[in-house]
2 protein chains.
Amino acid sequence: MSKSIDNTFSVEKPEESSGFLLWQVTNLWQRQIKKALEPYGLTHSQFVLLASIHWLSVHQQEVTQIVLSNHTKIDPMTTSTVLRTLQQKGFIQRQEHLTDTRAKTVGLTEEGKEIIKKAVITVEKFDTEFFSILGNKTTELNKNLITLLGQQ
Amino acid sequence: MSKSIDNTFSVEKPEESSGFLLWQVTNLWQRQIKKALEPYGLTHSQFVLLASIHWLSVHQQEVTQIVLSNHTKIDPMTTSTVLRTLQQKGFIQRQEHLTDTRAKTVGLTEEGKEIIKKAVITVEKFDTEFFSILGNKTTELNKNLITLLGQQ
DNA sequence: TGTACATAATAAGTACGCATATTATATTTG
DNA sequence: CAAATATAATATGCGTACTTATTATGTACA
């Protein structure tokens with residue numbers, strides 16, 4: 001009683017696997033946010049790190065690369081690389097940590113502060129638009145995503 | 001009536017922006033599926049392309065790189081690059097299209113067929129586990145993701 | 001028929017995202 | 001205190017993911 005010639009796939013439409021959908025939506029979102037950030041000369045990862053530095057600076061004493069990595073879930077190596085780029089661009093400064101000489105304290109420059117404030121507005125606007133098609137289901141989506149993140 | 005020292009962010013917890021959540025969940029998923037596919041020596045993109053070639057071969061006459069690109073939403077350049085790797089690994093073969101000499105017809109080798117059948121089982125199992133924490137909310141998530149994909 | 005436009009594939013280049021390994025320094029524990 | 005262990009940052013290298021530009025070929029239409 002085969003429904004099709006081939007039985008490799010357990011679903012008739014592999015396009016409807018959650019993983020495949022998640023991956024495709026993220027790629028779509030990434031592609032679009034990349035465009036939205038173009039005027040600022042920032043990539044998405046650069047934006048996330050700048051925004052997180054800003055956020056953490058307001059709420060925490062010392063912002064190290066590891067703290068940033070944990071907060072953004074960008075792996076430490078990528079964090080290091082991206083931060084160097086941001087330093088070259090003049091948006092952040094890195095100095096030795098006061099007590100832990102292994103660590104580096106990261107902070108925004110004035111230029112960095114200016115650009116991230118504008119970029120955050122752009123990204124928040126973009127995000128609202130991108131997810132607006134869901135209407136009140138957005139909360140539902142967020143809840144499910146948070147649940148999935150909870151798996152670690 | 002400021003709730004915090006800084007008002008750059010419109011939400012108190014930027015961690016709860018849909019975009020940021022989506023990106024983080026996808027990164028988590030990618031990291032884990034990478035591990036799940038390790039025994040096959042396949043990356044996720046390679047898996048997606050192999051699975052799509054298999055799927056489309058069963059349902060369509062000629063599978064070209066553009067058809068694959070449209071189906072997977074992997075951009076044409078990346079598709080080209082990844083397919084070359086898959087060819088080197090001996091999982092696919094590329095030959096000139098019968099009527100359109102610009103195009104290349106892509107097909108699985110016997111080895112490719114064997115490995116993708118096993119890999120699909122692994123990935124479907126992984127996906128089920130990864131999203132199982134959502135229980136019956138998975139349908140809800142899929143629906144929302146499909147809606148978002150509909151934006152193009 | 002020829003010319004404008006579209007399409008398929010790829011070259012070259014930038015930037016993640018992650019794995020593994022290394023260096024330097026902290027911290028823990030016997 | 002010294003040895004074992006953990007942690008912070010980075011060098012190196014692979015594999016996407018995408019941009020812009022190029023080559024070659026197909027198609028439409030005046």
Quiz prompt | Between P of D:dT16 and CH2 of B:Trp23, the distance in whole Å | solution = 20 Å

Exercise. Would you indicate which nucleotide in D:dA9, C:dA9, C:dG17 comes nearest to any side-chain atom of B:Lys104?
Key: C:dA9

Quiz prompt | Closest-nucleotide 5' rank along DNA chain C - winner of A:His44 and B:Pro76 | solution = B:Pro76

Quiz item: Looking at the side chain of A:Val82, which of D:dT16, C:dC16, D:dA9 is the nearest nucleotide?
Solution: C:dC16

Quiz item: So, B:Lys34 and B:Glu38, do they make that salt bridge, N to O below 4.0 Å?
Solution: no

Quiz item: Counting side-chain heavy atoms from C-beta on, which of D:dT10, C:dA9, C:dT10 comes nearest to B:Ile66?
Solution: C:dA9

Quiz item: For B:Leu83 and D:dG15, what is the distance between atoms CG and C1' respectively, to the nearest whole Å?
Solution: 14 Å

Quiz item: Between A:Thr105 and B:Thr101, which has a closest nucleotide on DNA chain D that is more 5'?
Solution: A:Thr105

Quiz item: For the side chain of B:Ser45, counting heavy atoms from C-beta on, which of D:dA17, D:dA9, D:dC18 is nearest?
Solution: D:dA17

Self-check item: B:Gln65 backbone acceptor or donor facing B:Thr79 side chain under 3.5 Å
Solution: no

Quiz item: Do any side-chain nitrogens or oxygens of A:Arg31 fall under 4.0 Å of OP1 or OP2 in D:dC18?
Solution: yes

Exercise. Remember a base hit wins even if backbone is also touched, and classify A:Thr64 as base, sugar-phosphate or nothing at under 4.0 Å, heavy atoms.
Key: sugar-phosphate

Quiz item: How many Å lie between CG on A:Leu37 and P on C:dC16, as a whole number?
Solution: 11 Å

Quiz item: Among C:dT25, D:dA17, D:dT10, which is the nearest nucleotide to the side chain of A:Arg84?
Solution: D:dT10

Quiz item: Under 4.0 Å: is that the gap between some side-chain N or O of A:Arg94 and OP1 or OP2 of D:dT10?
Solution: yes

Practice problem: Would you indicate which nucleotide in D:dA17, D:dT25, C:dT25 comes nearest to any side-chain atom of B:Thr78? | Solution: D:dA17

Exercise. Could you verify whether a donor N or O on one side chain and an acceptor N or O on the other, from B:Thr78 and B:Asp75, lie under 3.5 Å apart?
Key: yes

Quiz item: Can you tell me how far P of D:dA17 sits from CD of A:Gln32, to the nearest Å?
Solution: 17 Å

Self-check item: Closest nucleotide among C:dC18, D:dT10, C:dT10 to the A:Asp75 side chain
Solution: C:dC18

Quiz item: Given atom CE of B:Met77 and atom P of D:dG15, what is their separation to the nearest angstrom?
Solution: 15 Å

Quiz item: For A:Gln95, which residues count as a side-chain contact (heavy atoms from CB on, under 4.5 Å) partner, sequence neighbours excluded?
Solution: A:Gln93, A:Thr105

Quiz prompt | Donor + acceptor pair across side chains of B:Thr147, B:Asn144 (<3.5 Å) | solution = no

Quiz item: In terms of side-chain heavy atoms of A:Gln65, which of C:dT10, D:dT19, D:dA9 is nearest?
Solution: D:dA9

Quiz item: For DNA chain C, whose closest nucleotide is more 5', that of A:Asp100 or that of A:Lys89?
Solution: A:Lys89

Quiz item: Does A:Thr79 have a side-chain nitrogen or oxygen under 4.0 Å from the phosphate oxygens OP1 or OP2 of D:dA9?
Solution: no

Practice problem: Specify the separation, in whole Å, of atom OH of A:Tyr40 and atom P of C:dA15. | Solution: 19 Å

Self-check item: Side-chain donor/acceptor of B:Ser80 to backbone N/O of B:Pro76, under 3.5 Å
Solution: no

Quiz item: OP1 or OP2 of D:dA17 sitting under 4.0 Å from any side-chain N/O of A:Trp29?
Solution: no

Quiz item: Where the side chain of B:Ser80 is concerned, which of C:dA15, C:dA9, C:dG17 is the nearest nucleotide?
Solution: C:dA9

Quiz item: For A:Glu38 and B:Thr99, take the nucleotide of DNA chain D holding the closest heavy atom to each; which residue's nucleotide lies nearer the 5' end?
Solution: A:Glu38

Quiz prompt | Salt bridge present between A:Lys113 and A:Glu110 (N-O < 4.0 angstrom) | solution = yes

Practice problem: Can you tell me the distance, in whole Å, between the NZ atom of B:Lys73 and the C1' atom of D:dT16? | Solution: 18 Å

Quiz item: For the pair made of CG in B:Asn27 and P in D:dT16, what is the distance, rounded to whole Å?
Solution: 16 Å

Quiz item: If you check the B:Arg102 side chain, which of C:dT7, C:dA15, D:dT10 turns out closest?
Solution: C:dT7

